[in-house]
Amino acid sequence: MQDIPIGALFGALVLLIFLSAFFSASEIAVMSINRYRLRHLVESGHRGARVVDALLARPDRLLGIILLGNNFVNIAASSVATILAIRLYGEAGILAAAVLLTVVILIFAEVGPKTLAAMHPERIAFPAGMILRPLLIVLYPLVWSINILANLMLRIFGITVGARAQELSLEELRAAVREASSLIPESHQNMLLAILDLEKTAVEEVMVPRNRIQGVDLDKDWDEIEEQIMTSRYTRLPVYRSSLDNIVGIVHLRKALNLAGNKNLTMETLEKIIAEPYFIPKGTPLNTQLLNFRDAKRRRGLVIDEYGDILGLVTLEEILEEIVGEFTTSANSIGDGYRLQDDGSYIVKGSTSLRDLNRQLDWHLPTKGQRTLNGLITEYLEAIPEVGTSLLVNGYAVEVLRTRGTAIEVARIIPQSRKADEGEEQTDGE
């Protein structure tokens with residue numbers, strides 16, 4: 001060592017510190033790279049991505065070659081620094097060299113390179129992979145031996161080393177979609193989240209309740225049936241006899257109108273174009289029913305309970321509205337469910353769905369348990385309220401305006417700017 005020039009030793013030390021920085025940055029870059037973007041780049045034929053993907057197939061070997069190289073160059077750098085210190089200052093310079101080298105390696109070979117790699121993993125990982133792969137091939141026997149010993153130690157603790165499947169739970173996938181807000185337009189982001197939430201919603205939560213289903217009663221006079229067919233605003237209607245419990249099927253009004261246009265619409269021809277009813281068990285998740293509609297080539301079905309009784313009707317459009325929002329509504333007058341008043345309050349029918357109110361008006365009324373405004377009010381009061389009764393639910397002031405029998409027919413809702421505690425309630429009756 002006495003024959004090696006001091007300049008050469010300094011050059012070797014700088015090179016070793018640079019190599020240490022390379023291995024440190026490579027470790028962080030390869031391990032923090034986005035695996036899903038990596039797969040996309042692999043499929044698109046990116047050479048560097050293919051190399052990194054192959055290295056990540058065996059992370060134990062990848063870490064083995066990185067840590068082997070990193071420890072080797074760090075130990076070599078320590079040895080060279082010690083020799084330099086002795087050559088320049090004698091044995092008194094060893095301690096100073098150790099302290100100085102620790103600071104240099106920490107800043108220039110650890111913190112700095114790793115921070116850069118964490119911020120730009122692809123820029124570091126792809127070029128590094130081109131070096132690490134041939135290095136792994138050359139040093140494979142040594143890396144293999146180290147991995148055997150390390151894996152054996154892990155097995156003692158019940159850990160099996162292998163390629164780890166990159167699987168996301170639904171909650172993690174939702175978080176990933178939210179974090180990608182800078183890359184995905186807000187409208188698309190909301191639709192993706194709505195699709196993921198379909199499994200949380202059952203068909204009975206979005207169905208048209210039984211008492212609001214409009215259908216054709218074959219036991220009525222033909223003139224009434226014909227007028228209903230000619231004036232209905234729906235394209236398909238359930239057909240029954242006397243009661244919805246005696247369902248016959250579903251009629252496509254376009255076919256009926258074609259018959260009417262040809263002067264061939266009669267009770268007999270109407271019955272011939274009635275399609276078999278399609279039943280949906282209550283509790284079916286919307287994502288499942290969406291696929292069922294596709295497989296059955298249907299657009300609507302009747303929701304039934306465990307006793308076979310009809311609870312309501314759900315359509316393909318209602319499921320799609322859970323994803324993309326309402327198709328033909330406005331804030332001032334949305335169907336016949338509720339209406340915005342000049343003072344900022346809303347007049348709402350008791351039968352209006354809480355989910356519709358929350359989705360269309362961006363409210364936060366509780367939807368667990370009861371599904372309609374009438375159900376929510378009676379559940380909170382645990383009684384049938386009188387006209388004029390007021391309560392505060394989740395920061396929304398609700399006043400009962402009209403009742404019919406045991407049901408609330410119309411109520412007024414005043415959105416509050418402040419948030420009330422969950423379950424907060426205030427009542428006063430006349």
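Only a predicted model underlies this, so the values are computations on that prediction, with no experimental measurement involved.
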*Asks:* A side-chain contact here means heavy atoms from C-beta on lying under 4.5 Å apart; do Val73 and Leu16 qualify?
*Replies:* yes
*Asks:* So with a 6.0 Å cut-off around NE2 of His120, is the heavy-atom count from everything else above 12?
*Replies:* yes
*Asks:* Under a 4.0 Å N-O cut-off, is there an ion pair linking Glu409 with Arg402?
*Replies:* yes
*Asks:* Using only atom types and a distance under 3.5 Å, with no angle test, would you say the side chain of Tyr380 pairs donor to acceptor with the backbone of Leu392?
*Replies:* no
*Asks:* Looking at Met267, I want to see if its CE is surrounded by more than 12 non-hydrogen atoms of other residues, nucleotides or ligands under 6.0 Å.
*Replies:* yes
*Asks:* To the closest 0.5 Å, what do you measure between NZ (Lys220) and CD1 (Ile225)?
*Replies:* 8.5 Å
*Asks:* Using a 6.0 Å cut-off, check whether atom CD of Gln341 has over 12 heavy atoms from anything other than its own residue.
*Replies:* yes
*Asks:* Show the nearest heavy-atom pair for residues Leu316 and Phe293, with the distance to one decimal.
*Replies:* N-CE1, 3.9 Å
*Asks:* Hey, mind stepping through Val248 and Val216 against side-chain contact (heavy atoms from CB on, under 4.5 Å) and telling me if it holds?
*Replies:* CA-CA 10 Å; Val248 175; Val216 177; over 6 Å; no
*Asks:* Are the side chain of Asn358 and the backbone N or O of Leu365 linked by a donor-acceptor pair below 3.5 Å?
*Replies:* yes
*Asks:* Quick one: pull up CG in Asp197 and CG in Leu286 and give me the separation to the nearest 0.5 Å.
*Replies:* 10.5 Å
*Asks:* Going by heavy atoms in the side chains, are Leu401 and Ile347 under 4.5 Å from each other?
*Replies:* yes
*Asks:* A side-chain contact here means heavy atoms from C-beta on lying under 4.5 Å apart; do Leu313 and Met207 qualify?
*Replies:* no
*Asks:* Within the side chain of Asn264, is there an N or O that forms a donor-acceptor pair under 3.5 Å with the backbone of Leu259?
*Replies:* no
*Asks:* Flag the pair Asp219 and Arg241 as a salt bridge only when some basic side-chain nitrogen lies within less than 4.0 angstrom of an acidic carboxylate oxygen.
*Replies:* yes
*Asks:* Flag the pair Gln289 / Leu198 as yes when at least one side-chain heavy-atom distance between them is below 4.5 Å, and no otherwise.
*Replies:* no
*Asks:* Counting heavy atoms not belonging to Arg133, are there more than 12 under 6.0 Å from its CZ?
*Replies:* no
*Asks:* side-chain hydrogen bond (donor to acceptor under 3.5 Å, both in side chains), that's the test. Do Asn74 and Ser20 meet it? Break it down for me.
*Replies:* CA-CA 6 Å; Asn74 284 343; Ser20 178; 2.7 Å; yes
*Asks:* Are the side chain of Thr269 and the backbone N or O of Thr266 linked by a donor-acceptor pair below 3.5 Å?
*Replies:* yes
*Asks:* Using a 3.5 Å distance criterion without hydrogens, assess whether the side chain of Glu318 forms a donor-acceptor pair with backbone atoms of Thr315.
*Replies:* yes
*Asks:* Nearest heavy-atom pair of Leu270 and Ile274: which atoms, and what distance?
*Replies:* O-CG1, 3.2 Å
*Asks:* I need the Leu136 CG to Leu62 CG distance, nearest 0.5 Å.
*Replies:* 8.0 Å
*Asks:* Looking at Glu317 and Arg299, is there a salt bridge between them, counting it only when a charged N and a carboxylate O are closer than 4.0 Å?
*Replies:* yes
*Asks:* Restricting to non-hydrogen atoms, name the atom on Pro127 and the atom on Glu122 that form the minimum distance, rounded to 0.1 Å.
*Replies:* CD-O, 4.0 Å
*Asks:* Counting distance only, does the side-chain N/O of Asn147 pair as donor-acceptor with the main-chain N or O of Asp60 below 3.5 Å?
*Replies:* yes
*Asks:* About how many Å separate CD1 of Ile377 and OG1 of Thr389, when rounded to the nearest 0.5 Å?
*Replies:* 9.5 Å
*Asks:* When rounded to the nearest 0.5 angstrom, what is the spacing between OH in Tyr240 and CG in Asp217?
*Replies:* 5.0 Å
*Asks:* Roughly how far apart are Leu139 CG and Arg61 CZ, rounded to 0.5 Å?
*Replies:* 14.0 Å
*Asks:* In terms of ring plane angle, is the pair Tyr346 and Trp363 parallel, tilted or perpendicular, where the classes change at 30° and 60°?
*Replies:* perpendicular
*Asks:* After noting the C-alpha distance and the side-chain angles of Ile408 and Leu373, does the key distance pass the side-chain contact (heavy atoms from CB on, under 4.5 Å) rule?
*Replies:* CA-CA 8 Å; Ile408 299 165; Leu373 179 62; over 6 Å; no
*Asks:* If you count the non-hydrogen atoms of other residues, nucleotides and ligands that lie under 6.0 Å from CD in Glu306, is the total more than 12?
*Replies:* yes
*Asks:* Take Leu132 and Phe22, measure what side-chain contact (heavy atoms from CB on, under 4.5 Å) needs, and give me the verdict at the end.
*Replies:* CA-CA 10 Å; Leu132 291 175; Phe22 165 76; 4.2 Å; yes
*Asks:* Is Met31 close to Leu56 at the side-chain level, that is, under 4.5 Å between some pair of heavy atoms?
*Replies:* yes
*Asks:* Quick check: closest heavy atoms across Leu302 and Pro277, and the distance to 0.1 Å?
*Replies:* CD1-CB, 4.4 Å
*Asks:* Step through the shown structure and confirm whether more than 12 heavy atoms of other residues, nucleotides or ligands are within 6.0 Å of CE on Met230.
*Replies:* no
*Asks:* Taking the side chain as everything from C-beta on, heavy atoms only, tell me whether Leu311 gets closer than 4.5 Å to Arg210.
*Replies:* no
*Asks:* Are Glu110 and Lys114 close enough for a salt bridge, meaning some N to O gap below 4.0 Å?
*Replies:* yes
*Asks:* Does the pair Phe126 and Val52 meet the rule for a side-chain contact (heavy atoms from CB on, under 4.5 Å), with working shown?
*Replies:* CA-CA 7 Å; Phe126 295 154; Val52 172; 3.7 Å; yes
*Asks:* Should we count CH2 of Trp222 as having more than 12 external heavy atoms under 6.0 Å?
*Replies:* yes
*Asks:* In this structure, which one of Ile247, Ile310, Ile280, Asp309 forms a side-chain contact (heavy atoms from CB on, under 4.5 Å) with Ile304?
*Replies:* Ile310
*Asks:* Taking Asn70 for the side chain and Ile66 for the main chain, is one N or O donor matched with an acceptor at less than 3.5 Å?
*Replies:* no
*Asks:* Count the heavy atoms of every other residue, nucleotide or ligand shown that sit under 6.0 Å from OH of Tyr278, and state whether that count exceeds 12.
*Replies:* yes
*Asks:* What pair of heavy atoms forms the shortest contact from Gln214 to Tyr234, and how long is it?
*Replies:* OE1-CE1, 3.5 Å
*Asks:* Does the side chain of Arg298 come within less than 4.5 Å of Glu276's, by heavy atoms?
*Replies:* yes
*Asks:* Is the shortest side-chain heavy-atom distance between Ile229 and Glu226 below 4.5 Å?
*Replies:* no
*Asks:* Can you check whether Leu354's main-chain N or O pairs, donor with acceptor, with Arg371's side chain at less than 3.5 Å?
*Replies:* no
*Asks:* If every non-hydrogen atom of Pro113 is compared with every non-hydrogen atom of Ile107, which pair is closest and at what distance?
*Replies:* CD-O, 3.9 Å
*Asks:* Main chain of Gly283, side chain of Glu204: is a donor-acceptor contact present, judged purely on distance under 3.5 Å?
*Replies:* yes
*Asks:* Do you see a donor-acceptor pair shorter than 3.5 Å between the side chains of Asp343 and Ser345?
*Replies:* yes
